[in-house]
Amino acid sequence: GTGQPVHPPRLTSDADPHHRSRSVICERVVHGHRERRLHRAHAQELLRVEAFDPELIVIACGFDAGALDPLGRMLLPAAAFDEMTQRLLGAADRLCDGRLVASHEGGYSTGHVPFCGLATIEALSGLEAGVDDPFAYLAAIPGQALQPHQKAAVDAAAELVAGVPR
């Protein structure tokens, strides 16, 4: 679930459009973290989910975008995972009678993943453990704005996928 994607979104459907049992995958990999861009990117993904009209929303809870992940390096604080989960819960309530499943599937920072997972569980349960993310300050590291060469790559990728049916 901010900013411009480094890779183009991937949208796939595994069945005939007339068949009710179908799936959609919305994937957006984002470089850097700024709250404003997180809201915008996640809002775009939610529009795709809403257009799909799902019977069930399944969240693959990967925490690779977490602040200390050695592979993702996207600097997201645990609070960002809480917010994305809250938005998906809202979408599930609006679209499929609250049917939502979450499954942990990634994240490689043994120091930060527990805080990201806890934030997600808090959002799902409506309860708060009162544990703060000790790495939240990393989201404020300067220099995370999209650079011109990155924007050019994103724009080129967007052109390539512009004609892909949704």
Practice task
Any chance you could measure Arg87, atom CZ, to Thr85, atom OG1, to the nearest 0.5 Å?
Solution key: 11.5 Å

Practice task
Identify whether Ile121 and Leu89 are in the same connected component of the hydrophobic contact network (ILVMFWY, side-chain heavy atoms under 4.5 Å).
Solution key: no

Handout entry: Minimum side-chain heavy-atom gap His104-Phe63 below 4.5 Å
Key = yes

Handout entry: Note, Ile57 side chain near Arg99 side chain (heavy atom, < 4.5 Å)
Key = no

Problem - Spatial distance of atom CG (Leu100) from atom CG (Leu124) [nearest 0.5 Å] - result: 6.5 Å

Fill in the blank from the handout: Note: Asp82 and Ala123 closest approach over all heavy atoms is OD1-CB, 3.5 Å

Completion exercise
Apart from Leu56 itself, its cluster of hydrophobic side chains linked below 4.5 Å comprises Val58, Val101

Handout entry: Approximate separation, where rounding is to 0.5 Å, of Ile59 CD1 and Met84 CE
Key = 9.5 Å

Exercise for the section: Return the minimal non-hydrogen interatomic distance between Ala119 and Ala78, and the atom names on each side. Expected result: CB-O, 3.3 Å

Exercise for the section: Would you please test Leu88 and Leu46 for side-chain contact (heavy atoms from CB on, under 4.5 Å) and show each step? Expected result: CA-CA 8 Å; Leu88 286 167; Leu46 284 177; 3.7 Å; yes

Exercise for the section: Working to the nearest 0.5 Å, report the span between CG of Asp53 and SG of Cys96. Expected result: 8.5 Å

Handout entry: ILVMFWY cluster, Met74 and Leu71 together (side-chain gap under 4.5 Å)
Key = no

Practice task
Not counting sequence neighbours, list each pair that qualifies as a side chain to side chain donor-acceptor pair (under 3.5 Å) and has a residue in residues 111-134.
Solution key: His112-Asp133

Practice task
Could you tell me whether the side chain of Gln150 and the main chain of Gln147 form a donor-acceptor pair under 3.5 Å?
Solution key: yes

Practice task
Please work out which of the three classes, parallel, tilted or perpendicular, describes the rings of Phe115 and Phe135, given edges at 30° and 60°.
Solution key: perpendicular

Handout entry: Flag side-chain contact, heavy atom, 4.5 Å: Leu138 against Pro77
Key = no

Exercise for the section: Answer yes or no: is there a donor N or O on one side and an acceptor on the other, between the side chain of Asp64 and the main chain of Gly72, under 3.5 Å? Expected result: no

Practice task
Could you tell me which non-hydrogen atom of Gly66 sits nearest to which non-hydrogen atom of Cys116, and how far apart they are?
Solution key: CA-SG, 4.4 Å

Practice task
Please answer: with hydrophobic residues joined when any side-chain heavy atoms are less than 4.5 Å apart, are Leu160 and Val154 in the same cluster?
Solution key: no

